[in-house]
Amino acid sequence: MSGPLSDLRDAVIAASGAVAGPDGGSSALPTLERPKKAGFGDYATNAAMLLAPRAGVPPREVAGRLAAELERRLGDALDRVEIAGPGFLNLVMSDRWCVAALAHVLEAGEAFGGGGAVERAERVSIEFVSANPTGPMTAAGGRHAAYGDSLARLLQFSGHEVTREYYINDIGGQIRRLGESIQARARREEVPEGGYEGDYVRELADRIPGAAHDDVAVVAERGVELLLDRIRASMERFGVQFDVWFSEGSLHAGEPSAVRRAFAQLEQRGESYRAEGALWLRTSAHGEPKDDVLERSTGEPSYFASDIAYHLDKLERGFDRLIDVWGADHHGHVARMQAAFAALGAPEGAMELIIMQFVNLVERGERASMSKRRGDFVTLDDLVAQIGVDAARFFMLQRSHDTTVDLDLDLAREQSSDNPVYYVQYAHARIASILAKAGGIWRVTSALEEAPRYSGSLQAAERTLAKKLLAFPDEIAEATARRAPHRIAVYALELAQTFTAFYRDCQVVGAEGEGVESVRLALSVATQRTIARALDLLGVSAPSKM
RNA sequence: GCCCCGGUAGCUCAGUUGGAUAGAGCAGCGGACUUCUAAUCCGCAGGUCGCAGGUUCGAAUCCUGCCCGGGGCGCCA
């Protein structure tokens, strides 16, 4: 990645190497960070503290040499260097450097922050949500949808080729129980033990002709179709578009079926055996405490068998990387699946299983369980109807995927006007208003051309905003690498706050001074684009008017 | 018993893989609307970073042990 920040980082590393001398190379790379507190410069590095132990010289003394070296290398990009605390070097950049940074952001245009992975672009499959088609999409499913979709957007923006997949568990015991439940309702009976009790089951019974008398398997199949239609519609409303809806049942169709082919591959590799009438996979040979069943003694393949066949299918479709987003209740399945993946002979590390913590439904301050079977859950459609897609997605994405989220629908409704998403959107809309006031597209275009030539001084708020914008590519890289889209939500909020401070301190339209208005317009445009991009990565709209 | 996630302000959560005086939103208190959008802004108050050790120049962050909450350990999916 190139840009003012990486040039600066390179300079620090080079200066550090020069001070260390030929055989004093430090093991750890020095950091370049943005200090939290004002007064510690624009950027700070711990380089001197890393060099000191090897050089056998006090850190502050090393810092002195480093400071001289940096001043020499950076020239007029640097205003001054300060040695602080135990040996930090605080770099205060010149206004000229900040203007050049802004120019860099403007030049990158819409692509700013993206393309970080183009040299090693991968074909990525990301499977998420994959909720059983035994009921409507729940609010918890919305968290998976928001997360998976946002991660997909991040990967795409970084340069990867991404396929979004929804795996449909359309066979097995749960589906049979759905069929039995629908049939029972059609007959005006109670659902059987362990069946589905939600009201939607009655609706399905009414909508399926012959539900009371047809074969349960047929009723179940019709029920799944109807529920899938609803699920697809919910996902669409939520702004999530899947490229592939993959049926578990299809893995058992054909001759030989995908499952049989997977079995054959495992057998050929000596990874499976028969015992007690069942077919077993030697997961214990891959670090698991015990082996697992592929085919039951009844001759029926297990869910595990389907999952193995599904992942083999993905490999055969040519993906370099398989990402699955699973609920916390599936975490016991993770090690087993990794073992199976290794047993197939798949490349190590090519499959990532991400565990998403639960969404709890909160009522009167108490956590209630969300049970699809008992029918007491909040649907995603309910949530969206009450607070809207933007607020729902932002709410879900603000938290890290490995923290449990409490959802109090009353509170969510009550507080939806306080949702930080509006603050971010408002900053975006406000900029649109400023640009219109400035004289529209023509004036803005000329401002973008003039701004890089600005040679005057900058206000603190202008410098802070330029630096915040410059941090965006690193945020993208970090959020993508760590599969952490919530970082983008946090960044978007901080950027909006930084812009609002700038708006408060610096009049844009009609600003006094040669070129000042142009620089401020340019900062506004760069901010607007960056906010729009951040919101887009979250799947949230960026309105021009509010 | 073993495994995974969490424990940070009254509440909900961030915390740039070890940095300096731990941050934001909401709630609370006190202020600011003739503005380039007040869905905003400014100020105040609020903390044993679950507990106890350890590692080092330096720990919310890394290591060990313990406590609390959630989840998981099926020929269920």
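Not measured: the values here are computed from a predicted model. Order of the sequence lines fixes the chain letters, A, B, ..., with proteins taken first and strands second; residue numbering starts at 1 for each chain.
Atom name P, nucleotides B/U40 and B/G46: the rounded distance is 25 Å, in whole Å. For the C1' atoms, the distance linking B/G6 with B/G50 amounts to 11 Å, nearest Å. Taking atom P on both B/C36 and B/U61, the two are 49 Å apart, rounded to the nearest angstrom. Of the C1' atoms belonging to B/G18 and B/C57, the separation is 12 Å, rounded to the nearest Å. Comparing B/C67 with B/A77, their C1' atoms are spaced 34 Å from each other, to the whole Å. A distance of about 13 Å separates the P atoms of B/C51 and B/G7, rounded to the whole Å. B/A14 and B/C41 are spaced 22 Å apart, taking the P atom of each and rounding to whole Å. Separation of the C1' atoms belonging to B/C73 and B/C66 is 23 Å when rounded to the nearest angstrom.
Neither OP1 nor OP2 of B/C3 sits under 4.0 Å from any side-chain N or O of A/Arg336. Within the 4.0 Å cut-off from OP1 or OP2 of B/G15, at least one side-chain nitrogen or oxygen of A/His486 is found.
Put simply, A/Phe88 does not rest on the base of B/G19: the two rings are not both less than 5.5 Å apart at their centres and under 30° in tilt. Residue side chain A/Phe358 fails the stacking definition with respect to B/G71, as its ring centre and the base's six-membered ring centre are not both under 5.5 angstrom apart and under 30 degrees in plane angle.
Using a 30° and 60° split on the angle between ring planes, A/Phe472 and A/Phe157 fall in the tilted class, from 30° to 60°.
Closest to the side chain of A/Arg482, from the set B/G71, B/A20, B/U16, is B/U16. For A/Thr403, counting side-chain heavy atoms from C-beta on, the closest listed nucleotide (B/C13, B/C76, B/A77) is B/C13.
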Do nucleotides 34-42 of chain B as a string where each nucleotide becomes B, S or -: B if the base has a protein heavy atom under 4.0 Å, S if just the sugar-phosphate does, - if no protein is that close. --BBSBSSS

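Between the CD atom of A/Gln357 and the P atom of B/G69 there is a distance of 17 Å, rounded to whole Å. For the pair A/Phe394 CZ and B/G25 P, the computed distance is 13 Å after rounding to whole Å. The interatomic distance linking A/Asp474 (CG) with B/U16 (P) rounds to 14 Å, in whole Å. Distance, A/Tyr491 OH to B/U16 C1': 13 Å, rounded to whole Å. The distance from atom CD of A/Glu494 to atom P of B/G25 is 10 Å, rounded to the nearest whole Å. Atom CG in A/Leu493 sits about 14 Å away from atom C1' in B/G15, given to the nearest Å.
In textbook terms, a nucleotide whose glycosidic angle is within 90° of 0 is syn, and B/U17 is one such case.
A donor-acceptor contact under 3.5 angstrom links the side chains of A/Asp390 and A/Gln425, judged on distance only. There is a side-chain donor-acceptor pair under 3.5 Å between A/His252 and A/Ser306. Residues A/Glu288 and A/Thr283 have side chains that never bring a donor and an acceptor to within less than 3.5 angstrom of each other. A/His286 and A/Gln338 form no side-chain donor-acceptor contact under 3.5 Å, judged by distance and modelled atom types alone. For the residue pair A/Ser400 / A/Arg483, no side-chain donor-acceptor distance below 3.5 Å is found, with atom types taken as modelled. With no hydrogens or angles considered, a side-chain donor-acceptor pair links A/Gln174 and A/Tyr196 at under 3.5 Å.
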Between A/Glu517 and A/Arg520, does a side chain to side chain contact (heavy atoms under 4.5 Å, CB included) hold up when you go through it step by step? CA-CA 5 Å; A/Glu517 189 193 67; A/Arg520 292 181 180 174; 5.8 Å; no

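Between A/Trp326 and A/His333, the gap from one ring centroid to the other is short of 6.0 Å. Here the two rings, on A/His401 and A/Tyr147, have centers that are under 6.0 Å apart.
Residue order along RNA chain B, read from the 5' end via each residue's closest nucleotide, puts A/Ile355 first among A/Ile355 and A/Lys290. Both A/Phe395 and A/Glu295 lie near RNA chain B, and the one whose nearest nucleotide falls closer to the 5' end is A/Phe395.
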Enumerate the protein-to-nucleotides 54-59 of chain B contacts in which both atoms are nitrogen or oxygen and the separation is below 3.5 Å.
none

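For B/G23, the paired nucleotide is B/C13, the pair qualifying as Watson-Crick or G-U wobble because both relevant distances are below 3.5 Å. Searching all strands for a Watson-Crick or G-U wobble partner of B/C29 with both distances below 3.5 Å returns B/G43. Figure legend. B/G1 is base-paired to B/C73; pairs are counted as Watson-Crick or G-U wobble with both atom distances under 3.5 Å. Nucleotide B/U61: unpaired (no Watson-Crick or G-U wobble partner with both distances less than 3.5 Å). Using N1 to N3 plus N6-O4 or O6-N4 for Watson-Crick, or N1-O2 and O6-N3 for G-U wobble, each under 3.5 Å, B/G6 pairs with B/C68.
Put simply, the side chain of A/Asp418 and the base of B/A27 share no donor and acceptor less than 3.5 Å apart.
Using a 4.0 Å heavy-atom distance criterion, A/Arg487 is classed as a sugar-phosphate-only contact. At the heavy-atom level, A/Ser400 lies under 4.0 Å from the strands shown only through sugar-phosphate atoms.
Geometric assessment of A/Arg336 against the ring of A/Phe304 yields a positive cation-pi assignment under the 6.0 Å and 45° thresholds.
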